[in-house]
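For reference, the structure is listed below as structure tokens.
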Number of protein chains: 2
Amino acid sequence: MTSVQGARARARIEITAAIKDEARAQLAAEGAAKLSLRAVAREVGMVSSALYRYFPSRDDLLTALIIDAYDAVGAAAEQALADSRAATAPDDHLARWTAVCRAVRAWAVAHPHEYALIYGSPVPGYSAPQDTIGPASRVALVLIGILGEALAAEGVAPPPVPAALRPEAERIAAEFARDLPPAHDLPPALAVAMVAAWSQLFGLVSFEVFGQFNRVVEDRETFFATAADRLGREIGLLARS
Amino acid sequence: MTSVQGARARARIEITAAIKDEARAQLAAEGAAKLSLRAVAREVGMVSSALYRYFPSRDDLLTALIIDAYDAVGAAAEQALADSRAATAPDDHLARWTAVCRAVRAWAVAHPHEYALIYGSPVPGYSAPQDTIGPASRVALVLIGILGEALAAEGVAPPPVPAALRPEAERIAAEFARDLPPAHDLPPALAVAMVAAWSQLFGLVSFEVFGQFNRVVEDRETFFATAADRLGREIGLLARS
DNA sequence: GTCTATAACGAGATAGAC
DNA sequence: GTCTATCTCGTTATAGAC
């Protein structure tokens, strides 16, 4: 009994993976807007109606791909942080920040279509469900975690906040405190600076992945590494003492 | 004779505009990937083959929309610079920098679909021709112009360049010198810093326009203004003396 | 010469009957 | 699950109106 159920479950997992793989291939070839359940079904050798046993709708398939992509960058960021712990001095928070940034960029360059799916233009007619929020925040959580550690070790000096931005800064800090584990609490100045750095980091990545650096930047790895380092310093992370 | 030609030319301009307007409407509704010549023709009351008198192919229509969009942001940036000249002290280069940044953001927020067309995910199967390069650089040219002025007035202190980035910085500066009028020459340190700030600026805009700030940033105008100001300072623009 | 309309092509998507 | 009839698409050839 259990073996049959186990085999069924295994088959279901395999077929689900095959469907998603084919969908990812179509993402690369035609873009998210043209992702079609029928074409995916044809390619995996199923009839379109059979696909609905795995994904109730085209949007659900899209959601699965989006969650997978967010999880993949998130995992890359988390892995980079874990790896860099061994390679950096405990007080070198800036080095870990840049290591995570570089990992995000490396993943994006290696998976441009999945990157476009999550950080590019919204897919027309698709609105992301709540399920994507968790995976979507993994990268930010890693960065916030680094800042939290630096804060505890007095390794960060957040920049001053203009008076006009003060309410927004406090709102964002309160939001973090509400959604995140207490270890990730940040003072308002650091919380806003973090959000700004976060979006600027992805600005660098998007310009490279989307081709805006063509004919402009050649040594993109060095360019990015320098910019990420400056972003970390800008947020207040102190260089290694 | 001339009146006939004038009438023809006028009609041609009007019809071309109507086609592009309808195409823009479809861009908003279905996305660039699904832009269809037939649907545009149907909507403007023509038969699809007649469209080929105005645009030799679907890609040429797309190219026209892309150029229009680049020209629109570019014009907004140029206008913002011209306007801010009257409103700012001659030595306040930073104020003009932020004015231009805010104008770019305002245009993007007002025209999200056209923004997505030029700064979002690349359109699958479409590759931009050379004609887009000029319009695409207008915003960057405005920013470079501000830096050039600041440089001439000793109003900018570019950040140091790490040794590893030095060759790339010099390459970029040489590229600027080759492509741009001499008034826009920048030293290597300022040229790389400019490119980094440029991409980070659009990172802020893209995150807002593409919805990444949902549930994160509320007062987006203030948030952006502060970040743009910090970007200008980061690049070395000095606050007003 | 400049334009629009008809018709057609090959490829692909789609809906529904079976 | 299969098949078929009916859509859409980009594009071209052609013929006629102005």
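Just so you know, these numbers use all the heavy atoms, side chains as well, and skip hydrogens, waters and symmetry mates. So you know, we letter chains A, B, ... as the sequences are listed, proteins then strands, and number each from 1.
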_Show me the pairs that pass side-chain hydrogen bond (donor to acceptor under 3.5 Å, both in side chains) and involve residues 168-177 of chain B, at least two apart or across chains._
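Listed once each, the pairs are B:Arg166-B:Glu170, B:Glu168-B:Arg171, B:Glu175-B:Arg178.
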*Side chain of A:Val47 only, please: which of D:dT11, D:dG1, C:dC3 is the nearest?*
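Closest of the options to the side chain of A:Val47: D:dG1.
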*Base, backbone or nothing for each nucleotide of nucleotides 12-18 of chain D, written B, S, -, heavy atoms under 4.0 angstrom, 5' to 3'?*
BB-----
*salt bridge (charged side-chain N to carboxylate O under 4.0 Å, His left out) with B:Glu221: which residues, sequence neighbours excluded?*
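If we apply the salt bridge (charged side-chain N to carboxylate O under 4.0 Å, His left out) test to B:Glu221, skipping adjacent residues, there are no hits.
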*Taking only residues two or more places apart in sequence, or in another chain, which ones meet B:Arg230 in a salt bridge (charged side-chain N to carboxylate O under 4.0 Å, His left out)?*
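Result, salt bridge (charged side-chain N to carboxylate O under 4.0 Å, His left out) vs B:Arg230: A:Glu234.
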*asked:* Considering only residues two or more places apart or on different chains, which pairs with a residue in residues 29-69 of chain B satisfy ring-ring contact (aromatic ring centres under 6.0 Å, His included)?
replied: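 Applying ring-ring contact (aromatic ring centres under 6.0 Å, His included) to every pair that reaches into residues 29-69 of chain B, excluding sequence neighbours, yields nothing.
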Under 3.5 Å, which donor-acceptor pairs do the side chains of residues 11-21 of chain B form with other protein atoms, sequence neighbours left out?
from	atom 1	to	atom 2	distance (Å)
B:Arg12	NH1	B:Arg53	O	3.4
B:Arg12	NH2	B:Arg53	O	2.8
B:Thr16	OG1	B:Arg12	O	2.6
B:Lys20	NZ	B:Asp68	OD2	2.9
B:Asp21	OD1	B:Arg24	NH2	3.2

*Given that both pair distances must be under 3.5 Å and the pair must be Watson-Crick or G-U, what runs of three or more consecutive pairs involve DNA chain C?*
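Stems found: C:1-9 with D:10-18, C:11-18 with D:1-8.
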Using residues 32-48 of chain B as the side-chain source, report each donor-acceptor pair under 3.5 Å to any protein atom, sequence neighbours left out, with the distance given to one decimal.
from	atom 1	to	atom 2	distance (Å)
B:Ser36	OG	B:Arg38	N	3.3
B:Ser36	OG	B:Ala39	N	2.9

*Any residue meeting ring pair (Phe, Tyr, Trp, His ring centres under 6.0 Å) with A:His113, in chain and number order, not counting sequence neighbours*: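 Ring pair (Phe, Tyr, Trp, His ring centres under 6.0 Å) list for A:His113, sorted by chain: empty.
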_Check: B:Asp229/B:Thr226 side-chain N/O donor and acceptor closer than 3.5 Å_ =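 There is no such pair (donor and acceptor under 3.5 Å, judged by atom type) between the side chains of B:Asp229 and B:Thr226.
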Which donor-acceptor pairs under 3.5 Å do side chains of residues 201-216 of chain B form with protein atoms, sequence neighbours excluded?
from	atom 1	to	atom 2	distance (Å)
B:Ser206	OG	B:Tyr115	OH	2.7
B:Ser206	OG	B:Phe202	O	2.9
B:Glu208	OE1	B:Arg105	NE	2.9
B:Glu208	OE2	B:Arg105	NH2	3.0
B:Gln212	NE2	A:Tyr70	OH	3.0
B:Asn214	OD1	B:Arg220	NH2	3.4
B:Asn214	ND2	B:Gly211	O	3.3

*Could you state the atom-to-atom distance from CD1 of B:Ile13 to C1' of C:dC3 in whole Å?*
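To the nearest whole Å, that distance equals 16 Å.
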_I need the residues from residues 28-46 of chain A with at least one non-hydrogen atom less than 4.0 Å from DNA chain D; give them sorted by number, or say none._
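Within residues 28-46 of chain A, no residue comes under 4.0 Å of DNA chain D.
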Side chains of residues 116-124 of chain A: which donor-acceptor pairs under 3.5 Å do they make with residues two or more places apart or in other chains?
from	atom 1	to	atom 2	distance (Å)
A:Ser121	OG	B:Ser121	N	3.0
A:Ser121	OG	B:Ser121	OG	3.4

